[in-house]
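This chain uses plain numbering: 1 for the first residue, then up along the sequence.
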Amino acid sequence: MSTESSKEEQRDDETASQNDLETHEVHSSRINLFNCLFMRFAKQDEIDVGEQLQEDDEEIRPPQYKHLIAIHAGKPKGELENWFIINEKGVKRLSLSEQVLENAIRKCGKYITRFTQHNLLRVYPKATRIYSSNYDPFVGWTHGAQMVAFNMQGYGKHLQIMQGMFRANGGCGYVKKPKFLLSKEGFDPTVPLPVKKILVVKIYSGEGWHLDFPNTHFDPYSPPDFFVKVGIAGVDADKAKGETEAVENSWLPEWNEEFKFELTVPELAILMIEVLEKDKYGKHDFGGRTCFPISELRTGIRAVPLHDRRGVKYRNSRLLMKLNLYPSKDAVPEDVRILFQEYSQDGNMSIDGLHKFLNEYQGEKNATKEISRAIFISLKHFNIFRLEAFYQYLLSDLNTPLSPSCNARHDMTAPLAHYFLYTGHNWYLTENQTSSEGSVESIKKALQKGARVIELDLWPSKNNKVVVFHGRTLNGSAELLECLLAIKEFAFRTSEYPVVITFEDHLPADLQAMVGEMVTKTFGGMLFRPARDIPSPQSLKKKVLISTKPPKDDLETQNSKSPQKSKKSPKEEQWDDEKTASKTDLETYDKVHLE
């Protein structure tokens, strides 16, 4: 199963890359304009910046721009192995494109894992993903990269995996790294490991599509033929897939099929579930998808809500599944009817019986009799808690695979480098990477979903102001001040843990000073001032951190005090910083496809 899964995964990746290249041919005329559109920016609001800043912060004297930077963004220097030397002077952030990281992993993967135990590594999509497709996030996660930046404007399997990963830890946007990524021995995902856990998944039935879709959505002449695909995303050794038979002509399908997955690294594994409607003569129709982190699954019989391609939850469509995670291969799942008989008496389950079921079978040790009584009340329309009521409870939102608690459950007192951070790439864009609008609404949505790292590309406008803009494209721009105010308003609605704003800075010194004043007056006491070491997320609650490269004059001062460095080779210069990497991607792309 694992070999077939790897081949299919490879074909999926090749198809995604080919689609990106084909879309370029359609928009080649736009790409030819990239270098001519450097000075194109959206119309600026004429309201004075100062009038938008809070009056109660007016007395705060803004520090110099460089003094606002809490996390310094470094750039690769010297030989590849030297990129990942641990910085004894404090925490730094290194940004690499996905293909540069893949190349670095092949040559010095062990150094990357050690680097990320003390410093921050950000990975971003390659420039040719103009239609907001994404890459496999495990390329970064398995080597400790905290900020795996994704295009949230599109949809697809990898985006669903990202969303599934950050459903962990109460959806707060931070996931504690497994211990093996923080050990001195390091971690190599290519080394075979023994099986730690066995996940047994039984798919019973599903319902709700007739309420979420028109009767003729899947087939104009007959009810749908649903089947379910289930699989594991994670390290290569754990990747596996399976699927049920199609149940023909039914809006209420019953499959009763079981799948078993052996996991070597369950701490990073994601359970993927997708429902499709079988089409004998064309592409199967989409019926819903979801992903869950296996490390936080609640075992037992659970209702599994389904989501659309963009990750929005359907109101009614869901599956009834049984999930069991075992350290050995000796477990055999039981059916709902047998369970009900075990915990009921004379065909009726009491509050005590339900409480015992939750504690003993579902493993919910914190479930009280009051919780059991609340479940009874929610199903009072059944008058008595017989098998039908028990079945409906198992299908309800009270019985999902993840705990309904929104509180963080991981240890949040470790250094910031010990966590994965929910990170986006160009989240101020509404759709694709070349011709969509810039909007603060996209930033608001990202923060409401739990995002903790927001990227803003800063460029000067025609009237010498600062806008957020994806440079050298046909995209629209957004006001920097509006973006900052949106971040301030929505930063901590979903999670109280710190928000990191990464600036991709293309500004002259005078506008950097303007940005420093904006940031200081907008965030005031919320702003974390730079320090040698970055504290834990717990101690940084409701704080905002700025991460960008220090200004050029500051870099020159630092360089003058350090020994003269050897001259860089062309290969080293190629990946100097994120801007150069993106430009190189586009130039290579033009050379291959436009000449």
Side-chain angles (χ1 to χ4, degrees), residues 1-14 16 80-81 83-84 86 94 96-126 134-150 157-158 160-162 164-166 168 175-199 231-241 261-272 291-296 325 410 417-421 423:
M1 181 181 297
S2 179
T3 303
E4 294 177 358
S5 170
S6 298
K7 291 181 179 179
E8 184 174 345
E9 189 79 18
Q10 184 177 359
R11 287 195 296 270
D12 290 344
D13 291 341
E14 291 173 355
L80 191 147
E81 291 82 359
W83 295 3
F84 306 104
I86 296 174
L94 182 66
L96 301 175
S97 67
E98 56 176 291
Q99 66 268 55
V100 175
L101 177 64
E102 290 172 357
N103 180 57
I105 287 172
R106 287 191 291 268
K107 296 181 179 180
C108 54
K110 62 181 180 180
Y111 297 108
I112 299 175
T113 304
R114 291 173 185 170
F115 174 84
T116 58
Q117 292 176 1
H118 305 277
N119 297 282
L120 302 180
L121 176 60
R122 176 177 174 270
V123 188
Y124 58 92
K126 59 186 178 183
N134 284 300
Y135 52 99
D136 184 353
F138 287 99
V139 173
W141 288 339
T142 55
H143 288 84
Q146 297 89 348
M147 300 178 179
V148 178
F150 258 35
K157 178 185 68 175
H158 290 143
Q160 290 279 349
I161 292 173
M162 169 71 80
M165 174 73 159
F166 287 97
V175 173
K176 186 77 162 58
K177 288 185 185 180
K179 290 183 179 179
F180 58 78
L181 285 175
L182 302 173
S183 68
K184 293 181 179 179
E185 293 76 16
F187 174 70
D188 186 349
T190 64
V191 174
L193 296 172
V195 174
K196 286 185 180 179
K197 300 280 186 179
I198 296 177
L199 177 67
I232 301 295
V235 299
D236 289 342
D238 291 350
K239 291 178 180 178
K241 292 181 180 180
F261 301 101
E262 296 183 344
L263 306 174
T264 62
V265 188
E267 298 90 341
L268 290 178
I270 303 292
L271 175 63
M272 303 183 297
C291 293
F292 297 109
I294 288 175
S295 61
E296 294 203 6
L325 197 61
H410 297 184
H418 290 202
Y419 300 84
F420 300 117
L421 281 68
T423 304

Inset, instruction - For side-chain contact (heavy atoms from CB on, under 4.5 Å), just list the numbers for W83 and V100, CA-CA rounded to whole Å, side-chain angles, deciding distance to a tenth of an Å, and then say yes or no. - result: CA-CA 12 Å; W83 295 3; V100 175; 3.8 Å; yes
Inset, instruction - Compare all side-chain heavy atoms of V265 with those of P189 and state whether any distance is below 4.5 angstrom. - result: no
Legend entry - Salt bridge present between K196 and E267 (N-O < 4.0 angstrom): yes
Legend entry - Closest heavy-atom pair and its distance - V123, A145: CG2-CB, 3.9 Å
Inset, instruction - Verify side-chain contact (heavy atoms from CB on, under 4.5 Å) between L182 and K179, making sure each step is shown before the conclusion. - result: CA-CA 5 Å; L182 302 173; K179 290 183 179 179; 5.7 Å; no
Inset, instruction - Mind checking side chain to side chain donor-acceptor pair (under 3.5 Å) for Q117 and listing every partner two or more places apart, or none if nothing turns up? - result: none
Legend entry - Those residues that, when tested against T264, pass side chain to side chain donor-acceptor pair (under 3.5 Å) (two or more places apart): D238
Legend entry - By side chain to side chain contact (heavy atoms under 4.5 Å, CB included) - contacts of F166 (at least two apart): W141, M162, V175, F420, Y422
Inset, instruction - Quick one: do F261 and I294 satisfy side-chain contact (heavy atoms from CB on, under 4.5 Å)? Show the steps, please. - result: CA-CA 11 Å; F261 301 101; I294 288 175; over 6 Å; no
Legend entry - Smallest separation among heavy atoms of T142 and L181, with atom names: O-CD2, 3.5 Å
Legend entry - Side chains of V139 and E98 in contact at under 4.5 Å (non-hydrogen atoms): no
Inset, instruction - Give the minimum heavy-atom separation between H410 and K176, together with the two atoms involved. - result: ND1-N, 3.0 Å
Legend entry - Pairwise distance SG(C108) to CZ(R114) - rounded to 0.5 angstrom: 11.0 Å
Inset, instruction - With sequence neighbours left out, write down each residue that passes side chain to side chain contact (heavy atoms under 4.5 Å, CB included) with Q146, or none if nothing qualifies. - result: T116, L120, L121, K177, A417, L421
Legend entry - Under the ring pair (Phe, Tyr, Trp, His ring centres under 6.0 Å) test, residues paired with F187 that sit two or more places apart: F180
Legend entry - Pairwise side-chain contact, L263 with L325, heavy-atom cut-off 4.5 Å (strictly under): yes
Legend entry - A149 to P125 - nearest heavy-atom pair and separation: O-CD, 3.5 Å
Inset, instruction - Report yes if the side chains of K239 and I232 come closer than 4.5 Å at any heavy-atom pair, otherwise no. - result: no
Legend entry - Taking every non-hydrogen atom, the tightest pair across P137 and I161: CG-CG2, 4.0 Å
Legend entry - Rounded distance (nearest 0.5 Å) linking atom CG of N134 with atom CD of Q160: 11.5 Å
Inset, instruction - Go through the structure and list residues passing ring pair (Phe, Tyr, Trp, His ring centres under 6.0 Å) with F84, not counting sequence neighbours. - result: F115
Legend entry - All pairs passing salt bridge (Lys or Arg N to Asp or Glu O under 4.0 Å) where residues 180-191 contributes a residue, at least two apart: none
Inset, instruction - Give, for atom CD of Q99 and atom OH of Y135, the distance between the pair rounded to the nearest 0.5 Å. - result: 10.5 Å
Inset, instruction - Enter the distance from F138:CZ to D236:CG here, rounded to the nearest 0.5 Å. - result: 10.5 Å
Inset, instruction - Specify the closest pair of heavy atoms between I270 and C291, including all atoms of both residues, with the distance to one decimal. - result: CG2-CB, 3.7 Å
Inset, instruction - Not counting sequence neighbours, which residues clear salt bridge (Lys or Arg N to Asp or Glu O under 4.0 Å) with E296? List them please. - result: R409
